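Some notes on the structure that comes next.
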Amino acid sequence: MSDLEIHAVLLIPAFNEEASLPGLLHEIRDMYPELPIVVINDASTDSTSEVARAADVTVLDLPINLGVAGAMQTGFRWAFEHGFAYAIRCDSDGQHPPSAIPTLVQHMASHDVDLVIGSRFLGGTVLSSNLIRRIGIGYLGIFLSLVCRNKVTDPTSGFQVVNRYLMYYFSNEYPEDYPEPESLALLRRQGYTFSEVGVPFRERTGGTSSLNGVRSLYFALKVTLALMVDRARGVDESYARHELENRLI
Amino acid sequence: MNLWFTYGLPGGLLILIALVLYGQNRPARLPAMFLTLSGLLLMLIPLFPGLEKAVLPNKIRIFMAGLALAHLFITLEFLRRNTLKERYALLWLGTGGILLIIAVQPDVIGWLVSVTGMHYTSAIMLVVFGFLIMIAFHVSLILSQYEDDRRKIAQHISLLQNRIDALESKSTAAPHSDEPSD
């Protein structure tokens with residue numbers, strides 16, 4: 001466990017999360033007193049930045065709202081520049097149980113992959129009752145699994161761990177809008193690997209899912225287009241593992 | 001009476017707009033003169049009804065020429081005032097120039113008319129539409145670039161701010177620091 005706390009950093013993107021953030025930060029602190037925590041405040045209009053600073057964690061304040069992708073990219077860059085071996089991403093709404101963090105990191109080491117996704121569906125969560133949402137996410141899981149040639153059950157999960165290669169890659173190239181599914185396809189295309197591990201998600205303590213009803217259909221459509229456009233683009237050899245091996249580690 | 005309605009009324013309106021332009025704090029003299037002249041020319045037609053015979057077959061061309069001149073003038077004026085950059089003005093100037101050329105020399109568009117079987121006016125609209133599409137696409141390209149730049153700048157600022165915070169907390173924690181800590 002201490003090994004994890006030395007080499008890993010926890011990245012939490014937050015937009016107007018003053019209600020749920022203090023509880024989550026204290027929970028994490030109690031569990032892993034030495035684990036560095038970075039809250040990326042995506043230009044919140046409430047006191048997200050202040051409550052995070054009060055909890056004595058590193059806060060990156062974005063001057064303008066960039067969305068979760070832009071916020072995460074900032075976090076990846078910070079983690080990369082500070083020399084961390086693993087960056088764990090965890091949402092601020094309390095859905096992602098901090099107790100599962102060691103599971104994710106250990107899974108990465110034991111399966112020798114570059115990214116690990118905490119999958120709520122492998123973790124026993126039943127898919128939401130909203131039919132449109134179910135169709136959207138279900139379709140995306142199948143499509144993404146085909147594109148990646150790697151099974152994806154939870155394409156929208158933001159509970160992830162990445163290693164240094166992907167920290168560097170994502171801090172330079174990260175999809176906009178809904179980054180989770182597209183980033184999986186991108187990393188596969190660059191020759192990297194990922195794997196899922198089951199994690200029981202919790203009820204969110206604040207906010208609502210950004211993917212409800214018609215939004216999830218738009219989401220599926222947008223990501224499908226993005227995935228096809230990505231295929232049409234060339235592979236950027238400068239981010240290939242053999243290129244980065246000498247420079248990064 | 002009918003002539004006053006078709007020519008006199010728009011002519012009067014143009015002169016009215018010209019008067020408004022004259023009356024401003026910083027009078028826009030050139031466009032006001034242009035408008036006054038066009039308005040007076042229009043007023044001449046109901047006064048001398050014989051003139052209408054000369055105008056009638058070329059009505060569209062005259063209208064187009066006036067529009068193109070106004071368009072070119074506005075674009076150039078914004079360029080002169082430094083509120084529009086040359087880079088973004090080129091396509092607008094192109095649109096105005098083509099409109100003017102078509103108005104002065106309608107044979108230019110004759111080829112398009114014979115190929116597509118469209119009317120003269122529809123062919124002009126097609127050309128203008130093509131230019132507008134190009135301009136809109138050009139703007140989308142610029143917008144995408146700017147969004148990218150904006151994202152990078154914001155991320156850079158937040159990382160710099162973080163380094164400043166770290167440096168400041170280090171210097172206030174240092175024993176020899178005489179900075180008052182807050």
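Per chain, numbering begins at 1; letters A, B, ... match sequence-line order. None of the values given here were measured: they were computed from a predicted structure.
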Under 4.5 Å to a heavy atom of chain B? For A:L62 that would be both
When you compare the side chain of A:L184 with that of A:L115, does any pair of heavy atoms fall below 4.5 Å?
yes
Applying a strict 4.5 Å limit to non-hydrogen atoms, the region of A:Q73 in contact with chain B is both
Whatever's closer than 4.5 Å to a heavy atom in chain B on A:D42 counts as neither
Would you check if the side chain of A:N65 reaches a backbone N or O of A:A43 as a donor-acceptor pair within less than 3.5 Å?
no
* Asked: If you measure from the Lys or Arg side-chain nitrogens to the Asp or Glu carboxylate oxygens, is any gap between A:R29 and A:D56 under 4.0 Å?
  -> no
Exercise. Assign the ring pair A:Y178 / A:Y218 to parallel, tilted or perpendicular, where the plane angle (0 to 90°) is split at 30° and 60°.
Key: perpendicular
